[in-house]
Amino acid sequence: MSTETPAKKELAAIKGTKDILPGEVEIWQKVEAEAKRLFELYGYRELRAPIIEPTELFERGTGQTTDIVTKEMYTFTDKGGRSNTLRPEYTPSVARAIIEHRLDLQPEPMRYYYIGPMFRYDKPQKGRYRQFHQIDIEVFNEKDPAIDAEIIEMAGALLKKLGVEGTETLVNSVGCRVCRPAYSRDLRAHAERVREQLCPDCQRKIAANPLRIFDCKVESCREQARRFPRIMDYLCPECGEHFDKVRSYLDLYKVNYRVEPNLVRGLDYYTKTTFEVVSRGLGAQNSLLGGGRYDDMMRDFGGPDICGIGFAMGMERLISILDIQPEKKKVLYFAYMEEEGKKKAVELARFFRQNGVECLVEFGYKSLKNQFGRANKLGAAWVCVVGEDEIRKRLYKLKDMTAGTQTEGRPEDLLKIIRGK
RNA sequence: GUGGGUGUAGCUCAAUUGGUUAGAGCAUCGGACUGUGGAUCCGAAGGUUGGGGGUUCAAGUCCCCUCACUCACCCCA
């Protein structure tokens with residue numbers, strides 16, 4: 001609105017978003033590569049859905065009553081008057097894609113993974129951003145409890161592969177449409193009876209989300225919560241048996257986990273199994289990944305009656321606790337003299353690149369000393385000198401910047417030296 | 001949305017009770033050094049002290065507003 005606003009401010013990345021710059025981006029690439037490799041080992045395939053979806057997809061999928069839908073969505077009206085939303089989570093998009101393309105009629109297993117940005121209009125803090133990235137896993141049409149255990153094991157395998165330590169795996173069952181209503185009713189009634197002993201926050205939660213009272217930090221609330229009914233006592237035979245089997249498969253997979261009866265995920269659609277991996281060192285937002293089963297979503301969308309299960313891992317959170325050094329790149333830097341040298345350097349770089357060597361030719365010619373200085377500063381592994389003598393003899397100098405040694409030879413000879421390194 | 005903390009050069013930080021022209025290290029660029037890097041020395045550039053208003057002879061410093069970052073609540077990955 002004001003033209004006097006300083007450019008610095010105008011040009012800043014918007015709140016809750018950030019640039020991932022060279023130097024850090026290599027870590028992201030590494031994590032992405034490891035995740036993809038691992039997921040493919042379990043038979044998962046990448047499914048890339050759009051970043052924007054009809055708003056209704058999340059209203060119906062994520063749930064009308066969730067915080068995500070009621071106050072955190074980036075929603076806008078397009079030129080055709082349609083309401084679109086930058087996806088706040090990925091699961092509804094996959095469900096939509098399956099229905100739209102009838103993937104349930106294909107012979108391939110419906111096991112999908114995806115890595116990409118999600119958007120939630122939250123107030124940013126440690127481990128929470130408005131644009132953040134998730135590694136997402138979805139499996140459809142596998143109702144056997146073995147798959148519940150398998151994806152938990154797979155999540156653990158990825159964390160282990162990346163060297164993540166100090167995590168704890170929490171598992172719970174939230175029941176289904178048969179058994180949960182009775183539990184919710186009893187829990188609410190129970191909380192209502194002791195309303196006066198609860199903090200104002202929890203009094204509000206009685207109506208909104210009574211399960212949340214379990215993790216209040218106020219002592220009086222904790223005291224009361226200990227006497228609240230437990231979901232485990234309400235599970236219907238089907239859910240109870242399912243949960244028992246999940247646990248026995250987790251044991252089979254040798255997964256270390258803890259049953260956390262108060263674990264409730266913030267999305268409406270979960271049924272039966274829910275789980276979460278938390279990590280020390282993440283501050284208040286200690287959930288590294290969370291997921292669960294959602295057996296009713298597809299039917300609710302008017303699609304085939306097939307179940308689903310999945311999890312989402314927060315990449316920013318994951319990377320913030322990783323301690324990995326990106327591999328140092330081996331670069332061949334060209335130092336040349338005069339126009340003739342520059343052209344020859346370009347030509348040589350083409351040869352080396354075709355043979356898989358990363359080359360850097362910078363075009364602001366200065367002194368050789370200056371170019372060596374640049375190469376040193378950039379951490380180049382080698383410098384190839386292209387000057388008058390070299391061009392005349394067709395023998396080029398190659399200096400090993402670490403050892404400080406220099407040899408001379410034809411491009412093919414130099415390539416052998418570089419490869420032998 | 002609510003609350004706390006912090007905003008000085010690209011980065012990390014100085015600047016006495018409010019008192020001269022806001023400094024230093026690192027990084028950048030140039031030079032010493034015209035076919036060979038790292039070291040050293042010299043020099044340059046870099047700031048509306050986040051922005052706006054107020055108090056004052058005088059504000060980086062005090063007050064108010066605002067913005068950003070950050071931590072926490074709520075909630076979530």
Identify whether any heavy atom of [X] sits under 4.0 Å from a base atom; if not, whether one sits that close to sugar-phosphate; answer base, sugar-phosphate or nothing.
{"X": "A:Ala312", "result": "sugar-phosphate"}
{"X": "A:Leu318", "result": "nothing"}
{"X": "A:Lys366", "result": "sugar-phosphate"}

Once you round it to whole Å, what is the distance between [atom2] of [N] and [atom1] of [X]?
{"X": "A:Arg204", "N": "B:G1", "atom1": "CZ", "atom2": "P", "result": "16 Å"}
{"X": "A:Met73", "N": "B:C75", "atom1": "CE", "atom2": "P", "result": "19 Å"}
{"X": "A:Lys123", "N": "B:U2", "atom1": "NZ", "atom2": "C1'", "result": "7 Å"}
{"X": "A:Leu378", "N": "B:A27", "atom1": "CG", "atom2": "P", "result": "14 Å"}

Provide the full list of salt bridge (charged side-chain N to carboxylate O under 4.0 Å, His left out) pairs with a residue in [range], sequence neighbours left out, each pair given once.
{"range": "residues 347-366 of chain A", "value": "A:Lys344-A:Glu347, A:Glu362-A:Arg374"}
{"range": "residues 43-60 of chain A", "value": "A:Glu40-A:Arg45, A:Glu46-A:Arg48, A:Glu53-A:Arg96, A:Glu56-A:Arg60"}
{"range": "residues 114-126 of chain A", "value": "A:Asp122-A:Arg128"}

With ring pair (Phe, Tyr, Trp, His ring centres under 6.0 Å) as the rule and sequence neighbours excluded, what pairs involving [range] come up?
{"range": "residues 186-206 of chain A", "answer": "A:His190-A:Phe228"}
{"range": "residues 43-74 of chain A", "answer": "A:Tyr74-A:Tyr121"}
{"range": "residues 320-349 of chain A", "answer": "A:Tyr336-A:Tyr365"}
{"range": "residues 128-153 of chain A", "answer": "A:Trp28-A:His133, A:Phe140-A:Tyr294"}

Revision key, fill the gap. Testing B:U2, B:C74, B:C69 for proximity to the side chain of A:Lys15, the answer is B:C69
Point to revise | Pairing annotation in dot-bracket form, given for RNA chain B with Watson-Crick or G-U pairs under 3.5 Å and | for cross-strand partners | key: (((((((..((((.....[...)))).(((((.......))))).....(((((..]....))))))))))))....
Check your understanding: What residues, two or more places apart in sequence or in another chain, satisfy side-chain hydrogen bond (donor to acceptor under 3.5 Å, both in side chains) together with A:Gln203?
Key -> none
Practice item. Sugar-phosphate means primed atoms, P, OP1 and OP2; the rest is base. With that split, encode nucleotides 34-44 of chain B 5' to 3' as B, S or - using protein heavy atoms under 4.0 Å. Key: -BBBB------
Exercise for review: Specify the residue among A:Ala284 and A:Glu72 whose closest nucleotide of RNA chain B lies further upstream toward the 5′ end.
Suggested key: A:Ala284
Please tabulate, one pair per line, all N/O donor-acceptor pairs under 3.5 Å involving side-chain atoms of residues 148-159 of chain A, not counting sequence neighbours.
| unit_1 | atom_1 | unit_2 | atom_2 | d |
| --- | --- | --- | --- | --- |
| A:Asp148 | OD1 | A:Arg293 | NE | 3.4 |
| A:Asp148 | OD1 | A:Arg293 | NH2 | 2.5 |
| A:Asp148 | OD2 | A:His242 | NE2 | 2.8 |
| A:Asp148 | OD2 | A:Thr273 | OG1 | 2.6 |
| A:Asp148 | OD2 | A:Arg293 | NE | 3.1 |
| A:Glu150 | OE1 | A:Tyr253 | OH | 3.3 |
| A:Glu150 | OE2 | A:Arg111 | NH1 | 3.0 |
| A:Glu153 | OE1 | A:Tyr42 | OH | 2.7 |
| A:Glu153 | OE2 | A:Tyr42 | OH | 3.4 |

Check your understanding: Quick one, which residues of residues 125-135 of chain A touch RNA chain B with a heavy atom under 4.0 Å?
Key -> A:Gln125, A:Lys126, A:Gly127, A:Arg128, A:Tyr129, A:Phe132, A:Gln134
